[in-house]
Engineer: 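My questions all concern the structure below.
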Amino acid sequence: MSESQETLLLVDGSSYLYRAYHALPDLRNGEGFPTGAIYGIVNMLRKLRSDYPAKYSACVFDAKGKTFRDDLYPAYKEHRAPMPDDLRAQIEPIHEAVRALGWPILVVEGVEADDVIGTLAERATREGVRTIVSTGDKDLAQLVSDHVTLVNTMTNETLDPAGVQTKFGVPPERIVDYLSLIGDTVDNVPGVPKVGPKTAVKWLTEFGTLDNVMARAAEIKGVVGENLRNTLEWLPKGRELLTVKLDCDLSKEVPTFDALIDGGEDKSELVDFFSRYGFKTWLREASGEALPDTRSVGSARKAATPVKNYADNAAAQQQASLFDVEAAPQEVKYETVTTEAQLESWMQRLDEADLVCIDTETTSIDPMLAQLVGISLSVTPGQACYIPVAHRGPDVAGLDAAAQLSRDAVLARMKTWLEDDASKKVGQHLKYDAHVFANHGIALRGIQHDTMLQSYVLESHRNHGMDALAERVLQLKTITYEEVCGKGASQIGFDEVPLDRATEYAAEDADITLRLHRALFPKVEADDKLDYVYEQIEMPTSIVLQKMERNGVLIDGERLAKQSTEIGQRLLELETEAHALAGQPFNLSSPKQIGEIFFNQMKLPVIKKTASGAPSTDEEVLQKLAEDYPLPKLLLDYRGLAKLKSTYTDKLPKMVNPNTGRVHTTYGQATAVTGRLASTDPNLQNIPVRTEEGRRIREAFIAPEGSVIVSADYSQIELRIMAHLSQDEGLLRAFQEGQDVHRATAAEVFNVTPLEVTADQRRVAKVINFGLIYGMSAFGLASNLGIGRDAAKLYIDRYFARYPGAARYMDETRQTARERGYVETVFGRRLWLPDINGGNGPRRQAAERAAINAPMQGTAADLIKLSMLAVQGWLEAEAMRSRLVMQVHDELVLEVPQAELAVVRERLPELMCGVATLRVPLVAEVGVGANWEEAH
DNA sequence: CGAATCCGTAACGTC
DNA sequence: GACGTTACGGATTCGA
């Protein structure tokens, strides 16, 4: 008796409940009873009935109570807000209405509506019945097949397999994989953080299935790749949660599909129902036989719950730690200090302690602007206090912010201890805290240890943030700043954090930092070389850096503003010209739009592609194209000027500190893996110098009235270090004899006498020399010189033939890097190279180049840090008024009063050259001027 | 649903 | 080789 086109119509009643409730205005009947959801559902069922006539049908609702998913994952639907009372009150009436409409209704204990629908659809398919599923829930797209169609009544959208592919970008079979990656906010099922529809489709298209994506997680770069790897353990479970069950036992509820035959509307029931709930129009219709008007309801989706941060540290915890972890304290005791008696008690502890861990909480991450909000201290692991001094806001948890001690009083009481050189302190990134105290007129002294620098010296390639360290070294998960203050626009200042919460966070920081010190410092101390780098270089350097940052540098903002205006004019002209040449307006700053104009419209040849496959428009390409076309040249000019304007002439004046009238960079001391410093906000280490236009920016770096700028830079420092390390006779001789090393190299490579070397040969030799420092390949050299790879190879071969010591050194360096896993500088600074023996080809080659470069770059960094120490030590010992104001890798810049110019000019290079004795002399070149440009 | 925020890419400044 | 900053454009998340 089975017909070929029998149809089963299944309605996901639960998915419509909320939608109907939220989408409709707050409808109420005469008695004030909410009826919006009832109205919506009745309307929808009637419309469905007429749109999709079906032999069998059912309206399915979730039952109350737990399902297998709750057992599988306790947090399932955890953050879902409880059902609003107004909606809850409508549930029973809705069931009643559904029955009166003649719809079979299914509410199965312990089984979610989705699973009931899935199981019935599956059974229907087996029995040759086609299924239409009406739902507002995208999750059910996984059920779609040739026999199962989805319809969203709210949007009137139907989905067949092709429709699913179009809408989601993946076929129905991949929907579960897709959802697993994205996660389901509403049900609190996490996916991979930062992965949304686009990324999920990208991965599934590339790798096929979720299993394949997981198997190849290692290949995915960036933060999302990292997030994926951190969620690997979770994903199978997420997938299980999101997979609709097809095999529920419904033998009781639906023994055969005959149980799902529409009973037809029960007029008397309906009339009764409509009259009880006050649906007057429907009541009239039901009594008067007229067909009801159907009206589709608008869609709305509310009820978004926050994604719970899914912290999965399994990987981190499995990783064997380098560190012996001191037994964690039995008991953790954090105290909020709000009375003088408490403060006195802590001051006594500080006085008695050999070493105190200190940390500050502030109003800003900008060290020069940060105002003190609170101080945390710890002298014993597990015990710490937080002294709030500037919290605002209402009383919380019995801790009245108004009851805190005042900042002035606390600082006055602590000043002696804070400024006492003999009272030893440890902290995490104390350079920052030193600024904070300095902002309140206190010179923090006795800075003995810094856990950030300990970590940096031990493993410079890792993350040295406190949270990361706690996890890696102590296997502890700390409260993050974000957890306390939020993020983005809704982030609050620490002074707004309630005192109890502030104490949990701040005291923990001091406690954890002390424990970190106890774990890290023994590792540093145990190794003579690392101990030297830490105690003799990094720790003292941090003190000098803090002073340099505070000194700041004077900028002629007006001069820069004038330059900005000029450049802006020129940019406008260039833009107009470019638009004319292109025959249409376009954004000259958009590589994408340039690509469209150049390569699609003007049909210029594609010289090379970017990493993502788009035609490149970088300088090299434009240079090449400029030979034959006018527009690329324009663009080159535009790019150069735009960079100058946006990064320098516009930006620098904005960075002037309103209090000091000077620019204060921040040096990153634990940023560059090689030991170099980094400079941010602003970066003063990449101020232009190569072009005429660029150098004008340096003219704006000035000294105050009566002072001048003095600059001293190491000459050929990295090549000298290469000579020292390789002990190559030719290189050593060149430097010992004070030769022009690029000329000497040219003479060797081109087999001429030094005097015969042409300017072009010298230029080539210079590029070769730099290439060697960078561990550069023939390929890199070729592209740098604009020659063929064979020609470049020839140069390199000749070079190594003439400087066999250098060749040997490079080989040995690669070898020891492979054997030990790290390379080191002359002073014993270590750089680990995790990829040197593993990883894929390109990564290993990059590690090899880093292995060559790091000892040279790193030794240079060591030397200039030693110079800074020597210079600052001298200036202080002699009570000079000259000040260090900048460091640019191989250059120190000072602000020098005229009266001290002669002595600085003499002593500065001596100090710099005297910090170490290598197999070649160190040379420092000094320049003096009214501005930085002149000082060169 | 539009706005704000985050992220990756391309490009380019320095040593 | 080592960095930091800019602009853009797309993706994601926020927030009403």
Side-chain angles (χ1 to χ4, degrees), chain A residues 182-183 185 191 193-202 221-225 227 299-302 304 306-307 460-461 486-491 587-595 609-622 635-636 639-648 650-652 655 665-668 671-691 693-694 697-698 713-714 716-718 770-777 780 831 846-858 860-861 864 886-891:
Chain A
I182 297 166
T185 337
K194 299 292 170 209
V195 170
K198 300 287 179 179
T199 313
V201 169
K202 195 173 90 186
K221 294 181 297 184
V223 180
V224 282
N227 290 344
S299 78
R301 218 184 139 130
K302 286 185 180 174
V307 185
S460 69
H461 62 295
K487 62 171 180 173
S490 59
Q491 188 170 64
N587 185 343
L588 278 73
S589 301
S590 166
K592 195 180 163 188
Q593 293 181 29
I594 293 167
K609 303 260 181 102
T610 66
S612 61
S616 168
T617 67
D618 70 8
E619 185 179 347
E620 186 192 332
V621 169
L622 295 182
L635 205 55
L636 277 170
R639 284 243 180 99
L641 289 174
K643 178 84 179 174
L644 237 45
K645 182 172 189 293
S646 64
T647 312
Y648 304 107
D650 283 350
K651 194 73 195 305
L652 283 172
M655 301 296 293
T665 187
T666 300
Y667 290 105
T671 304
V673 292
T674 53
R676 269 193 183 177
L677 300 177
S679 163
T680 57
D681 306 308
N683 182 354
L684 296 183
Q685 293 182 320
N686 71 343
I687 304 298
V689 71
R690 285 171 205 201
T691 63
E693 282 282 357
I697 290 165
R698 295 193 168 217
D713 66 292
Y714 278 123
Q716 308 294 354
I717 186 69
E718 291 181 351
F770 273 100
L772 290 160
I773 291 168
Y774 297 158
M776 193 187 274
S777 58
L831 173 60
E848 287 186 1
R849 290 194 290 273
I852 302 290
N853 172 253
M856 296 185 261
Q857 190 181 117
I864 192 120
M886 288 187 282
Q887 188 259 42
V888 193
H889 307 308
D890 66 353
E891 173 185 12

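Keep in mind it's a predicted model, so treat the numbers as computed, not measured. Proteins come first, then strands; the chains are lettered A, B, ... in the order of their sequence lines, and each starts at number 1. Atom set for the values below is all heavy atoms of this structure, side chains included, hydrogens, waters and symmetry mates excluded.
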Engineer: Quick check for you: among C:dT5, B:dA11, C:dG1, whose closest atom lies nearest to any side-chain atom of A:Arg676?
Structural biologist: C:dG1

Engineer: Please state whether the base of B:dA11 and the side chain of A:Arg639 form at least one donor-acceptor pair under 3.5 Å?
Structural biologist: no

Engineer: Within this structure, what is the CG-to-C1' distance between A:Asn587 and C:dG9, rounded to whole angstrom?
Structural biologist: 11 Å

Engineer: Counting side-chain heavy atoms from C-beta on, which of C:dG9, C:dA2, B:dA10 comes nearest to A:Ala850?
Structural biologist: C:dA2

Engineer: With heavy-atom distances below 4.5 Å as the criterion, would you say the side chains of A:Leu644 and A:Ile697 are in contact?
Structural biologist: yes

Engineer: Show, in sequence, the C-alpha distance, side-chain angles and deciding distance for A:Asn853 and A:Glu848, and conclude whether the side-chain contact (heavy atoms from CB on, under 4.5 Å) test is met.
Structural biologist: CA-CA 9 Å; A:Asn853 172 253; A:Glu848 287 186 1; over 6 Å; no

Engineer: Can you tell me which nucleotide in C:dG4, C:dA2, B:dC15 comes closest to the side chain of A:His889?
Structural biologist: B:dC15

Engineer: For A:Tyr648 and A:Asn683, run side-chain contact (heavy atoms from CB on, under 4.5 Å): C-alpha distance rounded to whole Å, both residues' side-chain angles, the deciding distance at 0.1 Å, then the answer.
Structural biologist: CA-CA 10 Å; A:Tyr648 304 107; A:Asn683 182 354; over 6 Å; no

Engineer: Under a 4.5 Å cut-off applied to non-hydrogen side-chain atoms, are A:Pro682 and A:Met655 in contact?
Structural biologist: yes

Engineer: Please determine, for the side chain of A:Ser589, which listed nucleotide (B:dA10, C:dG1, C:dA7) has the closest atom?
Structural biologist: C:dA7

Engineer: Under 4.0 Å, heavy atoms only, any strand: does A:Ala854 hit a base, just the sugar-phosphate, or nothing?
Structural biologist: nothing

Engineer: Can you tell me which nucleotide in C:dT5, B:dC12, B:dG8 comes closest to the side chain of A:Val223?
Structural biologist: B:dG8

Engineer: Quick one: does A:Lys198 reach the base of C:dT12 with a side-chain donor-acceptor pair under 3.5 Å?
Structural biologist: no

Engineer: Whole Å only: how far is the CG atom of A:Asp650 from the P atom of B:dG13?
Structural biologist: 16 Å

Engineer: Would you mind reading off the distance between A:Lys609 atom NZ and B:dA11 atom C1', rounded to a whole angstrom?
Structural biologist: 19 Å

Engineer: Of the candidate nucleotides C:dA2, C:dT5, B:dC7, which contains the atom at the shortest distance from the side chain of A:Lys651?
Structural biologist: C:dT5

Engineer: Could you check if a side-chain atom of A:Glu619 sits within less than 4.5 angstrom of a side-chain atom of A:Arg639, using non-hydrogen atoms only?
Structural biologist: no

Engineer: Heavy atoms only, 4.0 Å cut-off, all strands: where does A:Phe770 land among base, sugar-phosphate and nothing?
Structural biologist: nothing

Engineer: Look at all strands and tell whether A:Gln593 reaches a base, only sugar-phosphate, or nothing, counting heavy atoms closer than 4.0 Å.
Structural biologist: sugar-phosphate

Engineer: Can you tell me which nucleotide in B:dG13, C:dT12, C:dT6 comes closest to the side chain of A:Thr199?
Structural biologist: C:dT12

Engineer: Within the 4.0 Å heavy-atom criterion, would you say A:Asp681 contacts the bases, only the backbone, or no part of the nucleic acid?
Structural biologist: sugar-phosphate

Engineer: Quickly work out the A:Asn227 CG to C:dT13 C1' distance and round it to whole Å.
Structural biologist: 14 Å

Engineer: Any base atoms under 4.0 Å from A:Ile687, or only sugar-phosphate, or nothing? Heavy atoms, all strands.
Structural biologist: sugar-phosphate

Engineer: Using whole Å, what does the distance between atom P of nucleotide C:dA7 and atom CG of A:Leu641 come to?
Structural biologist: 15 Å

Engineer: Please determine, for the side chain of A:Arg698, which listed nucleotide (B:dG13, C:dC3, B:dC15) has the closest atom?
Structural biologist: B:dC15

Engineer: By the 4.0 Å heavy-atom rule, please label A:Glu619 as base, sugar-phosphate, or nothing.
Structural biologist: sugar-phosphate

Engineer: For B:dT14, take OP1 and OP2 only and decide whether either is under 4.0 Å from a side-chain N or O of A:Ser679.
Structural biologist: no

Engineer: Could you give the CD-to-P distance, from A:Gln685 to C:dG4, as a whole number of Å?
Structural biologist: 9 Å

Engineer: Tell me what A:Gly775 touches on the nucleic acid: a base, only sugar-phosphate, or nothing, going by heavy atoms under 4.0 Å.
Structural biologist: nothing

Engineer: Closer than 4.0 angstrom, basic N to acidic O: yes or no for A:Glu693 and A:Arg698?
Structural biologist: no

Engineer: Counting the atoms with a prime plus P, OP1 and OP2 as sugar-phosphate, which does A:Arg849 contact under 4.0 Å by heavy atoms, base, sugar-phosphate, or nothing?
Structural biologist: sugar-phosphate

Engineer: Start with the C-alpha gap between A:Gln685 and A:Ser679, add the side-chain angles, then the distance that decides, and say whether side chain to side chain donor-acceptor pair (under 3.5 Å) holds.
Structural biologist: CA-CA 6 Å; A:Gln685 293 182 320; A:Ser679 163; 4.9 Å; no

Engineer: Please report, rounded to the nearest Å, how far the C1' atom of B:dC12 is from the NZ atom of A:Lys643.
Structural biologist: 4 Å

Engineer: Closest approach to the side chain of A:Lys592, judged atom by atom: which nucleotide of C:dG9, B:dA11, B:dC7 is it?
Structural biologist: C:dG9

Engineer: Can you figure out which of C:dT13, B:dC15, C:dC3 approaches the side chain of A:Lys194 most closely?
Structural biologist: C:dT13

Engineer: Looking only at side-chain N and O atoms, does A:Thr647 come under 4.0 Å of OP1 or OP2 in C:dT5?
Structural biologist: no

Engineer: Would you say A:Thr617 places a side-chain N or O within less than 4.0 Å of OP1 or OP2 belonging to B:dA11?
Structural biologist: yes

Engineer: Has the side chain of A:Asn686 got a donor or acceptor atom sitting under 3.5 Å from an opposite partner on the base of B:dG13?
Structural biologist: yes

Engineer: Could you check how far CG of A:Leu644 sits from P of C:dG4, rounded to whole Å?
Structural biologist: 21 Å

Engineer: Does a nitrogen or oxygen in the side chain of A:Arg690 sit under 4.0 Å from OP1 or OP2 of B:dT14?
Structural biologist: yes

